[in-house]
2 protein chains.
Amino acid sequence: MGVGVGQILSRIENVLPKLTKSEQKVARFVLEAPDEAMFMSVQEMASRSLSSSASVVRFCRSIGLKGFPELKVALSADLAQGQKTGYFDLNKNENTTVLVDKILSNVIQSLKDTVGQLDVEMIEKVAHSLYKAPVIFAYGIGASALVAEDIAQKWLRMGKNVYAFHDIHVLTMSMANAPKGSVFIGISYSAATKEVLQLMKFAQKSGLTTVSFTGFGRSELSDISDFNLFTSLAPEAKVRSAATSSKHSQFFVVDVLYYAYASININDSIDKITRTRKATNELKNLSET
Amino acid sequence: MGVGVGQILSRIENVLPKLTKSEQKVARFVLEAPDEAMFMSVQEMASRSLSSSASVVRFCRSIGLKGFPELKVALSADLAQGQKTGYFDLNKNENTTVLVDKILSNVIQSLKDTVGQLDVEMIEKVAHSLYKAPVIFAYGIGASALVAEDIAQKWLRMGKNVYAFHDIHVLTMSMANAPKGSVFIGISYSAATKEVLQLMKFAQKSGLTTVSFTGFGRSELSDISDFNLFTSLAPEAKVRSAATSSKHSQFFVVDVLYYAYASININDSIDKITRTRKATNELKNLSET
DNA sequence: TAACTTCATGTAATATTATTTCAAAAAAAT
DNA sequence: ATTTTTTTGAAATAATATTACATGAAGTTA
């Protein structure tokens with residue numbers, strides 16, 4: 001399907017600083033005249049953007065597409081779609097139907113924003129770290145504890161050793177003895193949770209690979225961790241439902257990470273998941289007899 | 001607007017009877033799988049539609065396009081404009097960027113479907129039951145346990161007595177002595193989890209108000225409960241990411257329920273949430289000194 | 001039904017377009 | 001200042017789209 005849900009333009013904007021000089025030329029041209037770009041050939045775009053056809057193709061790869069033709073398709077979808085969702089405030093005495101629409105809109109916008117600035121390479125790197133890790137630890141407090149739990153459930157299903165302890169002391173003890181290559185994932189939407197920061201430092205000291213999972217933007221937590229996963233930052237001041245949308249975004253990133261992980265060795269993954277399912281059914285049958 | 005940004009699919013339908021036999025083959029193929037067609041080469045489409053590459057090109061001309069590449073662009077625009085999202089299968093060796101878009105699309109579609117068949121009155125009824133309940137119990141297994149936890153966290157924040165025990169025996173004991181008007185929420189996306197059904201029956205027997213929270217469709221669980229909350233049923237067979245999308249839908253319904261609940265007595269709710277926040281901050285400060 | 005005409009069709013040749021390779025240039029690192 | 005790495009575009013190659021054309025089917029006329 002390509003970039004079906006649009007957002008190619010915002011993705012280009014996001015990766016722009018990471019591109020090479022001549023790729024940036026192409027990027028700027030596309031951002032300026034996507035409607036023209038849509039119908040151009042590689043060579044045409046190369047000359048219009050004062051670069052080369054090779055750079056145009058490289059640009060397409062850099063923004064995560066398979067090739068040039070996909071760029072046209074993606075642009076077309078993006079332009080046709082326009083922007084429809086946005087953040088809405090929830091008012092007093094709201095009609096429930098309106099409420100539902102607003103919450104939906106907020107969640108979708110938050111997800112789209114998260115996708116817009118998702119660092120695909122980072123996802124892949126983290127997925128590989130997890131793949132090699134003998135043990136995985138995930139920790140978060142409050143709503144982030146649910147995310148940690150979700151991580152645990154998902155990777156257990158894949159046959160991994162994952163722990164989402166709530167008890168800091170138990171977690172500390174486990175990490176102190178974790179084998180090399182083990183990973184600690186510290187989850188805090190605000191990036192300001194003291195406990196998570198403490199544990200992150202401890203994990204680092206103990207030689208674990210560390211992953212921070214926070215709302216967008218630099219923070220001490222993201223600075224000191226080896227890898228960073230970000231979710232979009234809802235305009236908190238405006239929307240009281242921030243906690244709600246942010247949770248969806250966090251779960252979404254976990255979903256993505258999970259599938260990225262699974263596709264490292266897809267057949268093995270499918271095997272393991274199938275075995276897990278069978279086990280669940282078996283348990284059911286055993287209790288019935 | 002330029003070429004192709006119209007309703008290319010309906011144009012194809014319109015001219016279909018006027019096309020030659022082999023052009024019709026192409027047309028039917030495109031109508032059936034526009035999302036696939038979007039990324040094909042001429043030769044691929046020729047073989048898939050059991051025609052020839054020449055016929056494919058002739059077809060493009062016949063529907064008023066300049067050539068084959070324009071068909072892709074037009075289809076992309078059409079699909080993006082129309083049903084923006086849909087359910088997509090995740091394939092092996094998927095490019096991560098494409099993966100992200102597919103997951104996003106699946107989640108959004110699942111949310112939209114859930115909203116589509118959400119019974120607003122039912123939400124309000126359940127919200128009122130919760131409002132009057134002296135104690136609330138939520139129970140689910142696996143991914144549904146996360147939902148139960150989420151419910152607990154949300155209503156604790158509103159000053160309610162909520163329990164999301166994992167231990168069936170503890171839960172049973174608590175419910176046996178629960179005051180009148182207490183509510184039990186049984187969560188099972190499949191509606192087939194034995195434990196949830198058992199507890200639902202027990203809750204009923206103990207005189208609690210019961211709420212089932214399942215995937216759409218009748219089930220024993222939903223039949224015996226006083227109120228039913230449904231989430232959309234993803235086409236499981238097609239999408240391996242079902243568990244993923246369904247979780248989002250479930251959390252979404254909880255969000256809606258939460259805001260519906262809060263708006264029953266909005267000022268009181270805001271007070272309580274504010275107090276909860278202050279408490280969290282205070283704890284932080286206390287540990288810093 | 002045979003002979004002719006028209007139109008539809010797929011194959012193969014050709015033209016166009018996308019992609020890769022590679023050597024040179026530029027930028028970083030040492 | 002020298003080496004290494006990265007970036008770059010020209011040119012070669014691969015892939016893809018388009019066209020030309022021969023063949024055969026369907027229709028028409030005698």
Side-chain angles (χ1 to χ4, degrees), chain A residues 1-3 8 12 15-30 33-77 119 121 124-125, chain B residues 2-4 8 12 15-30 33-77 93 95 97-98:
Chain A
M1 76 177 267
V3 186
I8 192 74
I12 294 174
V15 302
L16 196 122
K18 287 185 182 174
L19 300 174
T20 67
K21 227 192 270 179
S22 70
E23 278 174 51
Q24 288 192 3
K25 284 194 216 166
V26 181
R28 279 198 213 92
F29 174 77
V30 172
D35 50 321
E36 288 182 68
M38 208 152 77
F39 293 103
M40 285 183 177
S41 70
V42 178
Q43 358 270 352
E44 200 177 349
M45 189 177 289
S47 76
R48 287 287 301 275
S49 64
L50 304 171
S51 66
S52 65
S53 57
S55 293
V56 171
V57 174
R58 280 193 284 259
F59 161 76
C60 294
R61 299 269 155 77
S62 296
I63 60 173
L65 302 174
K66 236 172 59 196
F68 180 76
E70 278 196 4
L71 176 67
K72 297 180 175 186
V73 172
L75 283 174
S76 175
D119 185 339
E121 270 182 53
E124 286 167 353
K125 279 185 202 163
Chain B
V3 191
I8 195 73
I12 294 174
V15 302
L16 195 122
K18 288 183 182 174
L19 299 173
T20 68
K21 225 193 271 179
S22 70
E23 278 174 51
Q24 287 191 6
K25 284 194 217 165
V26 181
R28 278 199 214 90
F29 175 77
V30 172
D35 51 320
E36 289 182 65
M38 211 151 79
F39 294 101
M40 285 183 178
S41 69
V42 178
Q43 359 269 354
E44 200 178 347
M45 189 177 290
S47 76
R48 288 286 302 271
S49 64
L50 303 172
S51 67
S52 66
S53 57
S55 294
V56 172
V57 175
R58 281 193 282 261
F59 160 76
C60 294
R61 299 270 154 77
S62 298
I63 60 174
L65 301 174
K66 239 172 55 197
F68 179 77
E70 277 196 4
L71 176 67
K72 296 180 176 187
V73 172
L75 283 175
S76 176
N93 302 322
N95 171 301
T97 306
V98 176

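Just the heavy atoms: all of them, side chains too, but no hydrogens, waters or symmetry mates, feed the values below. Keep in mind the model is a prediction, meaning the values are calculated, not measured.
Side-chain N/O atoms of A:K21 include one lying less than 4.0 angstrom from OP1 or OP2 on C:dA27. For C:dT20, the OP1/OP2 oxygens have a side-chain nitrogen or oxygen of A:R61 closer than 4.0 Å. Regarding contacts with the backbone of D:dT7, every side-chain N or O of A:S22 stays at 4.0 angstrom or more from both OP1 and OP2. Side-chain nitrogen and oxygen atoms of A:T20 include at least one within less than 4.0 Å of the OP1 or OP2 phosphate oxygen of D:dT8. Using a 4.0 Å cut-off, no side-chain N or O of B:S52 falls inside it from OP1 or OP2 of C:dT9. Checking the phosphate oxygens (OP1, OP2) of C:dT19, no side-chain nitrogen or oxygen of A:S53 falls inside 4.0 Å.
For the pair B:F39/A:K66, no side-chain contact is recorded, criterion being any heavy-atom separation below 4.5 Å from C-beta on. Side-chain atoms of A:R58 and A:T20, non-hydrogen and from C-beta on, never get closer than 4.5 Å to each other. Side-chain contact between B:M40 and B:V56 is absent, with no heavy-atom pair separated by less than 4.5 Å.
Nucleotide D:dT8 holds its P atom 7 Å from the CZ atom of A:R58, rounded to whole Å. Summarising the geometry, the separation between CZ on A:F68 and C1' on D:dA14 is reported as 17 Å, rounded to the nearest angstrom. For B:E44 and D:dT16, the CD to C1' distance is 12 Å, given to the nearest whole Å. Rounding to whole angstrom units, CD of residue B:E70 and P of D:dA17 are separated by 13 Å. Between the CD atom of B:E23 and the P atom of C:dA8 there is a distance of 8 Å, rounded to whole Å. Note: CZ (B:F59) to P (D:dT19) measures 17 Å, nearest angstrom. Atom CZ of A:F39 and atom C1' of C:dT17 are 17 Å apart (whole Å). Following rounding to the nearest Å, A:Q43 (CD) and C:dA15 (P) show an atom-to-atom distance of 16 Å.
Nucleotides of DNA chain D nearest to A:S55 and B:P69 differ in position, and the one nearer the 5' end is that of A:S55.
Taking only side-chain atoms of B:A54, from C-beta outward, the nucleotide of C:dT19, C:dT11, D:dG9 with the closest atom is C:dT11. Looking at the side chain of A:V42, the nearest of the listed nucleotides C:dA18, D:dA17, D:dA20 is C:dA18.
Remark: A:E121 CD is loosely packed, at most 12 non-hydrogen atoms of other residues, nucleotides or ligands lying under 6.0 Å away.
Within the 3.5 Å criterion, the main-chain N or O of A:L16 finds a donor-acceptor partner in the side chain of A:Q24.
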